[in-house]
There are 2 protein chains.
Amino acid sequence: MSTIKDVAKLAGVSVATVSRVVNRSPRTSEKAIKAVTEAMEALSYRPNANARALVSQTTQTMGVLVGDVSNPFFGAMLKSIDLVCRDQGKHLLIGNGYHEADSEREAIEILINSRCESLVIHSKGLSDEDLTKFCKEVPGLVVINRQLDEVPERCISLDNYKGSYLATEYLLNQGHRDIAYICSEHDIEDADSRKQGYRDALAAHGVSPQEHTIAYGYPDEQGGEKAMRDLLSRGVSVTAVAAYNDYMAAGAMACLEESDIAVPEQVSVIGFDDGLISRYMKPRLTTIRYPIQPMAEQAARLALQLAQGSSPESSPHVFVPTLVKRNSVKPLTQ
Amino acid sequence: MSTIKDVAKLAGVSVATVSRVVNRSPRTSEKAIKAVTEAMEALSYRPNANARALVSQTTQTMGVLVGDVSNPFFGAMLKSIDLVCRDQGKHLLIGNGYHEADSEREAIEILINSRCESLVIHSKGLSDEDLTKFCKEVPGLVVINRQLDEVPERCISLDNYKGSYLATEYLLNQGHRDIAYICSEHDIEDADSRKQGYRDALAAHGVSPQEHTIAYGYPDEQGGEKAMRDLLSRGVSVTAVAAYNDYMAAGAMACLEESDIAVPEQVSVIGFDDGLISRYMKPRLTTIRYPIQPMAEQAARLALQLAQGSSPESSPHVFVPTLVKRNSVKPLTQ
DNA sequence: GGCACAAAAGTAAACGTTTACACAGCATGT
DNA sequence: ACATGCTGTGTAAACGTTTACTTTTGTGCC
C-alpha cells in the first residue's frame, strides 16, 4: 500500500504539498493539485487514518458498546447514534458486551485504546463503581440505560419503575385484580425497578402483591414461556400478566395459546419495550414504549459535546416511558 | 492522557522495557514488571492503538459494511461475524451504507483508510465494477450477498433464483395456479433473480407467467401493503402470493386482513428470508430460509484467511436457500 | 533592474509505539 | 585471568502523517 512519500515522488513534489492537497489547504497551486491528484489516482493512495490520528490527536470516531448487535433493540439504538454521527462527520467503532462483565470491560478498553473521543456505553455486566471510574477517566463517555449516582450528568436512562407502574395501573384500571408478573432472572437494576413498579401499583390500588404471582426466567421468549408455565402449574388464577419485556410477553402468549387460554379474552398480556416484534404479534401487543431512539440520539449528542469540551445543553437525562395500547389487553367483564 | 514515556519515567525504566511489559515479552525481570505495572496503574495508562497500528502495520480489525444496523437481518449477520472475530482476537469497525452508492463508497473508504486488514462488504448500491476494483485493491475483502463474475472466489452469495423457484414450486405443488408475485422496486440483481425464479417455476409447470400478476413496492411492510392493494385493485383473482421478502409478505397479509380475505384459507402467502418477524406473525409465515448466519461466518473466515495470505480452504461460496413450512400456506382444495 | 512582498513549496520535528541492535552484568567453564 | 554465553535493559530508527518554520519562486512597482 502506497504512502504519502510515494505520491510525493511520483508527483515530483514534497510530502507537505501532498498533505496540503489531500487536506484541501488553500495554499496550493492548480498545478500541484493536478499533479498530486493524478499521482494519488495512479497509486490508489489511501491516507493512513492511524498515522493521521497519531499526529492530529483526534480520530473522529465514536465508540459504542452494545449488548448484542443482533437484538433489534440495539439495532435501533445504533442507528440513531449513527445518524447523529454521520451528520457530524464521525464514524463508529462498535463493541459487543454480551451482558458479561469481562467482555464489556475488554470492549470498553479497546474503544479507549483506539482513542474514540466520544463513547456511548450500554452495560449490564459492570458495576456502578467500574462504570463511574470509566466516566472519570474519559470525558466524552456517556452511559445509556443506567443511572450512576456519582455522575448523573453522564447518564441517559429510562424511568423503569414508572413504566412498570404504568403497565400495572392500566391493567388495574381495566378491572383486573389478579395480575401476575413475569420478571427477568438477571440481577440488575432495571429488573428490580420494574418489579417494584408492579408491586407499588398493585399496593396503591389496594391489592396486596404476593410473591407467588411473580415468576422468573431468562429475558427472552423461552424464559417467558417457562415463567408462564411456572405460573400456570402453581395454579394461581390470573386474569392478566405483565412481563419484563416484549420477548417474555411473546413467550407467555405462546404458552397460554398452547394451554388453550385465549389472549386477551381470558387473560390479558402487557409487554415492555415496544420492540419490533410487538407490532407483528397477534393479538398485537399492548406494551410500554421504551423511547430508545430519542434516548440514543441524545446520548450521542451529549457524548459529542462532552468530548469537545463544550458545555452540554441542558436536556432531559431521565426519559419517561408511555403506554402503547394495542390488542392484547381487554377490560375484565363480569 | 499519559504515554509510554510517562510510564517509563515514573517506573524508572526505558520505554522499551515498558513496551516489553505491556506486550508480555519473556525478556523481562520480575522487578521491572512490578514497577511498570504499578506505574501504569497509577497513570491509568492506555496504549495508543493508532501508534501501535502504525509501527506494527496491523490493526487486528475487521471492517464490515452493512445496509442498516437497525435491520435484524444485518444484526444477525454482524453477530455471526463478531463471533468469529472475537474468537480470533479481532475487533469490528462498522459502516452503514443505507443502500446508497455514495454512502457505501465513503464507508468502504473509511474502512480501508483505517487499515482494516479484512473486510466484509454488503453492498446494494455500488456497481459490480466498483466492487471488483475494491476487491483487487484490498486482498482481505470479501463481498457478501453479491456475485461478481470477475472475482467469484471473493464472493459469498445466495442462490436467489433457486429460492424463489422453490417458493413458487411449493405453491404450485399445493395446487395453486393463480399465483401473484410481490417484487422489490429496487433495481438490483437479487430482485431480478427472485422474480425470474418465480416466472420460470410457473412456466415449468405449464402456467404462463403474466405481467399483471406482478406488483412492485419498496421492500418493506408498507411496500408490501401497497403492492397487494395494487394487485387487488387490478381485479386479478389469486389464490396465492409469493413475496420478495418477509416484510413485504407481512404487508400483504395486513392488506388481505383489512380486505377480509383470510390467510391462508382464501389466499396463501409465502415470504423470503426467514427473518425474526416470520416467527411472530399469525399465521406464522411460511418462507424461504436465507442462511445469513453460516454465510456471514464463512465470509468472515474467508476474509481473515485472505488477509493473512493463507490459501483459503475450499468451501461453498454459493449457499442454497431452503423452504420453511409454517402456517401461511394451505393446499388449494376444490 | 532591483526591491518588497505574497504565494507556493520544502524541511524537519513531532505524534506514541515496536523492535533490531548494542551493551552491561554476571555466572560458567577453562 | 579470561573468553563465552545468557539475561535484562537501553538507544534509536522506523511507521505515515501534519504543520510550524524556512526557503524559493513569482509579481508588481518604482
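From a predicted model like this one, the values you see are computed outputs, not experimental measurements. Just so it is clear: chains get the letters A, B, ... in the order the sequence lines come, proteins before strands, and each one is counted from 1.
Here B:N23 lies in heavy-atom contact (under 4.0 Å) with sugar-phosphate atoms only. Within the nucleic acid shown, A:A53 has no heavy atom closer than 4.0 Å to any nucleic acid atom. As judged by a 4.0 angstrom heavy-atom cut-off over every strand, B:V22 is placed among residues making no nucleic acid contact.
Of the residues near DNA chain D, A:R20 and B:P26, the one whose nearest nucleotide (by heavy atom distance) lies more toward the 5' end is B:P26. Heavy-atom distances to DNA chain D give each of B:S56 and B:I33 a nearest nucleotide, and the one nearer the 5′ end belongs to B:I33.
When the side-chain nitrogen and oxygen atoms of B:S14 are compared with OP1 and OP2 of D:dG10, one or more of them lie within a distance under 4.0 Å. Using a 4.0 Å cut-off, some side-chain N or O of B:S29 falls inside it from OP1 or OP2 of D:dT9. Checking the phosphate oxygens (OP1, OP2) of D:dT9, no side-chain nitrogen or oxygen of B:T17 falls inside 4.0 Å. OP1 or OP2 of D:dT18 has not a single side-chain nitrogen or oxygen of A:Q57 nearer than 4.0 Å. For A:R52 and D:dT18, the shortest distance from a side-chain N or O to OP1 or OP2 is below 4.0 Å.
Of the candidates A:D68, A:N71, A:N96, B:K79 forms a side-chain contact (heavy atoms from CB on, under 4.5 Å) with just one, namely A:D68.
Listed candidates were D:dG16, D:dT7, D:dA12. Nearest to the side chain of B:L54 is D:dG16. Counting only heavy atoms from C-beta on, A:T3 has its side chain closest to D:dT17 among C:dG10, C:dA8, D:dT17. Side-chain atoms of B:V55 lie closest to D:dC15 of the nucleotides C:dT19, D:dT19, D:dC15. When distances run from any side-chain atom of B:K5 to the nucleotides D:dT17, C:dG10, C:dT17, the shortest one goes to C:dT17. Taking every side-chain heavy atom of B:Y45 into account, C:dT17 is the closest of D:dT17, C:dT17, D:dT11.
Checking B:S315 against B:Q298 by side-chain atom types alone, a donor-acceptor pair falls below 3.5 Å.
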